[in-house]
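Written below as structure tokens is the structure these notes are about.
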Amino acid sequence: MSNVNLSIAVDEKYIDQIQEVAQNLESSGMNVGQLLENLGIITGSCDSEKVDALAQVEGVSHVELSREYKLAPPESDVQ
């Protein structure tokens, strides 16, 4: 089991209820980090095995795992 960072897109019909959606996500195992209420996005983390369960929470439109990218330092040969 590994922890993953993710972003949750809230269905536009539930934007006014984003706090409730966030509480339901927490009940399903997500550690909510940020509510971007104007954008309808909830960010946070959870165990990788719980991602599918989060997608089933009422009001969730889409679940996207955060990606990490490391840029080579400016002095490296690869640019």
Side-chain angles (χ1 to χ4, degrees):
M1 292 193 277
S2 64
N3 214 30
V4 294
N5 293 320
L6 43 86
S7 296
I8 305 285
V10 177
D11 187 298
E12 64 183 54
K13 293 183 271 183
Y14 290 86
I15 295 292
D16 293 338
Q17 302 166 2
I18 194 168
Q19 296 282 344
E20 184 179 323
V21 174
Q23 290 173 348
N24 292 337
L25 289 166
E26 284 181 331
S27 296
S28 296
M30 180 177 174
N31 299 314
V32 172
Q34 231 180 350
L35 288 171
L36 306 172
E37 295 182 43
N38 293 336
L39 300 174
I41 302 290
I42 302 170
T43 65
S45 62
C46 73
D47 186 275
S48 60
E49 293 180 1
K50 296 184 179 184
V51 173
D52 290 337
L54 296 179
Q56 303 304 314
V57 170
E58 186 174 356
V60 170
S61 172
H62 182 74
V63 176
E64 184 167 330
L65 298 177
S66 297
R67 297 181 202 142
E68 193 172 308
Y69 179 76
K70 292 189 178 192
L71 185 63
E75 66 274 359
S76 73
D77 291 336
V78 178
Q79 282 292 323

Are Ile8 and Met30 close enough, and set up right, to give a side chain to side chain contact (heavy atoms under 4.5 Å, CB included), and what steps lead you there? CA-CA 10 Å; Ile8 305 285; Met30 180 177 174; 3.9 Å; yes
Locate the shortest heavy-atom distance separating [X] from [Y]; write the atom from each residue and the value.
X     : Y     : value
Val60 : Leu54 : CG2-O, 3.6 Å
Ile15 : Val10 : CD1-O, 3.9 Å
Cys46 : Leu6  : SG-CD2, 3.5 Å
Leu35 : Ala22 : CD2-CB, 3.6 Å

Test: side chain to side chain donor-acceptor pair (under 3.5 Å). Region: residues 14-29. Which pairs qualify, not counting sequence neighbours?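 Qualifying pairs: Tyr14-Glu58, Gln19-Glu37.
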Give every residue pair that meets the side chain to side chain donor-acceptor pair (under 3.5 Å) criterion with at least one member in residues 4-13, sequence neighbours excluded.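 Residue pairs with at least one partner in residues 4-13: there are none.
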Residues clustered with Leu36, ILVMFWY side-chain links under 4.5 angstrom: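 Via sub-4.5 Å side-chain contacts, Leu36 links to Leu39, Ile41.
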